[in-house]
Participant: 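What follows is a structure written as structure tokens; I'll ask about it next.
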Amino acid sequence: MNRDDSKKWTPETLAAQTLFGTDPVNGMIVPSIHPSTTYLRDPDNQYRHGRVYSRADNPGYEVAANLLAALEGGEEALLFASGMAAATAVFLALSPGDHVIAPKMMYWALRRWLGDTATRWGMEVELVETENTTAVKAAIRPGKTKLIWLETPANPVWSITDIAAIAELAKSAGAKLAVDSTVATPILTKPLSLGADIVMHSATKYLNGHSDVIAGALVTKAKDEMWTRIRTNLSGIGGVLGPFEAWLLQRGMRTLPVRVKAACAGALDLAQRLSNHPAVSEVLYPGLPHFAGHEIAARQMQGGFGGMLSIRVRKGEQAAIATAAKVTLWQRATSLGGVESLIEHRASVEGPTSPVPSDLLRLSVGIESPDDLYEDLATALTAASR
Ligand SMILES: *Cc1c(COP(=O)(O)O)cnc(C)c1O
């Protein structure tokens, strides 16, 4: 495959061949791992190979990073040691006193960091119901708001924010728009094409897909001043990915399109069947027609509504916890986006300050048979709600 043809091929093709990530030196069809921490200086004191030290860069990062940039339609991608390292790098590219808007409902560890560390360092963080475009518009402070951060679908109720509408607001206010697209993946949504400036991923989740790597990534629409600061922060703060993790990540990404499609099909099937289960009071899934953000999701998500859904257990918190205790196929664990299905009582994780309902169980649907997954969960629900 010729690298210049990247626009010609589908995501399935680009991913399967890791965007032509073969080894150019030995002709191996699998990319190599590059463990060296340092690079030879030439006798004339130059670095003709262009690399100096692996905290700044490593050729092994390029396989996953270039593939992700191609899938997102961005100019460049950077890999980080975790999703949190990637997300915080965006905020750390701002200055004290800058006003930022972020969702009320979002990945909890980042919400906690914003309210704690970022605020102590002088950032003005305002949490807004970003699903409500009017609320975002009202929160914007012209000249002061420098960043709008979105997450859609948002953990763990999967609320949908209209990226294109918020992008217009950000643009007219001179603010950057960054989107945590971990749950949507580039297979379902391309935030840059909807007007976002930066896309963030916890690559720990769907991108890697096998629950065996902690990693994060950012993709930019343009190599502008903000991106230069982010790039500098990556090596300056040093939250870089290990070479072996970068290699595992590219291997996981080879099957991203097929895994995401399987998870979407399974999640939709489960959402529909669980809607009719007597022990379930509500199913939260953007693919259900009555779900609040369904119409926007149908517009900005192509090919599926994601592999994440949540259910609310009619008999309340204790019945929800008991349901998670009774499943035998679903694994009781946090995280998401792996090939194996996970179940979690979110409020137990997030603690008393969390806005998450206490009767909610978060489901990360893997690629097992939806029939098996349904039977296991339906049986546990019935037994726990007696
Ligand atoms: C997991 C997750 C993160 C944090 O990523 P880590 O890789 O765990 O640091 C951020 N956003 C979302 C939506 C996530 O699911």
Side-chain angles (χ1 to χ4, degrees), residues 64-65 68 72 77-92 102-118 127 130-131 149-161 163 178-189 191 196 198-219 233-234 237-242 245-246 248-249 252-253 256 259-260 263 267 284 286 301 305-310 333-338 341-344 346 349-350 354-356 360 362-366:
L68 181 59
E72 290 285 7
L78 291 172
L79 304 184
F80 293 76
S82 67
M84 282 298 288
T88 54
V90 176
F91 292 96
L92 292 170
K104 275 195 178 150
M105 204 52 92
M106 69 187 292
Y107 180 69
W108 75 291
L110 186 58
R111 183 173 65 228
R112 195 176 56 178
W113 184 85
L114 288 172
D116 177 5
T117 311
L127 300 184
T130 55
E131 312 86 87
W149 182 270
L150 302 179
E151 180 180 328
T152 182
N155 253 293
V157 297
W158 320 115
S159 44
I160 299 292
T161 293
I163 299 172
V179 179
D180 180 342
S181 200
T182 298
V183 171
T185 81
I187 304 307
L188 306 178
T189 303
I198 292 172
V199 178
M200 176 253 153
H201 287 280
S202 168
T204 310
K205 315 294 167 55
Y206 289 99
L207 295 186
N208 180 62
H210 294 77
S211 308
D212 53 10
V213 173
I214 297 278
L218 295 175
V219 190
N233 277 345
L234 171 56
I237 296 171
V240 292
L241 197 59
E245 285 70 18
L248 276 174
L249 177 58
M253 286 178 72
L256 176 70
R259 283 187 286 104
V260 168
L284 304 166
M301 301 181 84
F305 296 91
M308 298 302 301
L309 70 149
S310 294
T334 195
S335 198
L336 57 99
S341 293
L342 305 180
I343 186 167
E344 182 177 48
R346 254 336 270 178
V349 177
E350 301 194 13
S354 164
V356 176
L360 181 143
R362 184 176 84 173
L363 307 175
S364 172
V365 180

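Atoms within a ligand are numbered from 1 in the order they appear, just like the ligands themselves.
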Participant: Tell me, which protein residue and heavy-atom name are nearest atom 9 (O) of ligand 1, and how many Å apart are they?
Facilitator: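 Of the protein heavy atoms, Met84 N, 2.8 Å lies nearest.
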Participant: Could you check whether any heavy atom of Asn155 sits closer than 4.0 Å to an atom of ligand 1, since that is the contact criterion I want to use?
Facilitator: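 Asn155: in contact with ligand 1 (<4.0 Å).
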Participant: Leu336 heavy atoms, cut-off 4.0 Å: which ligand 1 atoms fall inside?
Facilitator: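 Under 4.0 Å from Leu336, ligand 1 has these atoms: 15 (O).
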Participant: Under 4.0 Å from any heavy atom of Ser82, which atoms of ligand 1 are there?
Facilitator: 7 (O), 9 (O)
Participant: Can you tell if the side chain of Pro186 reaches within under 4.5 Å of the side chain of Leu207, non-hydrogen atoms only?
Facilitator: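 Side-chain contact under 4.5 Å: yes.
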Participant: Under a plain distance cut-off of 3.5 Å, with no hydrogens placed, do Asn155 and Arg362 share a side-chain donor-acceptor pair?
Facilitator: yes
Participant: Are any of the N or O atoms of Glu151 closer than 3.5 Å to those of ligand 1?
Facilitator: no
Participant: Where is the tightest heavy-atom contact between Ala85 and Ala81, given as atom of each residue plus distance?
Facilitator: CB-N, 4.2 Å
Participant: What protein heavy atom is closest to atom 5 (O) of ligand 1, reported as residue, atom name and distance in Å?
Facilitator: Ser202 OG, 3.0 Å
Participant: Just need the protein heavy atom nearest to atom 8 (O) of ligand 1, so name the residue and atom and give the distance.
Facilitator: Tyr107 OH, 3.9 Å
Participant: Only heavy atoms of Ala215, strictly under 4.0 Å: list the atoms of ligand 1 that pass.
Facilitator: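 Selected atoms, number and element: 7 (O).
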Participant: Which residue holds the protein heavy atom closest to atom 7 (O) of ligand 1, what is that atom called, and what is the gap in Å?
Facilitator: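 The protein heavy atom lying closest is Thr204 OG1, 2.7 Å.
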Participant: Which ligand 1 atoms does Asp180 reach within 4.0 Å, using its non-hydrogen atoms?
Facilitator: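 Those qualifying, in numeric order: 10 (C), 11 (N), 12 (C), 13 (C).
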Participant: Which heavy atom of the protein is the closest neighbour of atom 2 (C) of ligand 1, given with residue, atom name and distance?
Facilitator: Lys205 NZ, 2.5 Å
Participant: Applying a 4.0 Å heavy-atom criterion (strictly less than), which segment of Ala85 is in contact with ligand 1: side chain, backbone, both, or neither?
Facilitator: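 Neither part.
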Participant: Between side-chain atoms of residues 104-118 and protein atoms elsewhere (two or more places apart, or another chain), which donor-acceptor pairs fall under 3.5 Å?
Facilitator:
residue, atom, partner, partner atom, Å
Arg111, NH1, Lys104, O, 3.3
Arg111, NH1, Met106, O, 3.4
Arg111, NH2, Glu350, OE1, 3.2

Participant: Quick check for you: to the nearest 0.5 Å, what is the distance between Leu68 atom CG and Leu79 atom CG?
Facilitator: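 The CG atom of Leu79 is 7.5 Å from CG of Leu68, to the nearest 0.5 Å.
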Participant: Please could you name the atoms of ligand 1 that Gly83 approaches to less than 4.0 Å, counting only its heavy atoms?
Facilitator: 5 (O), 6 (P), 7 (O), 9 (O)
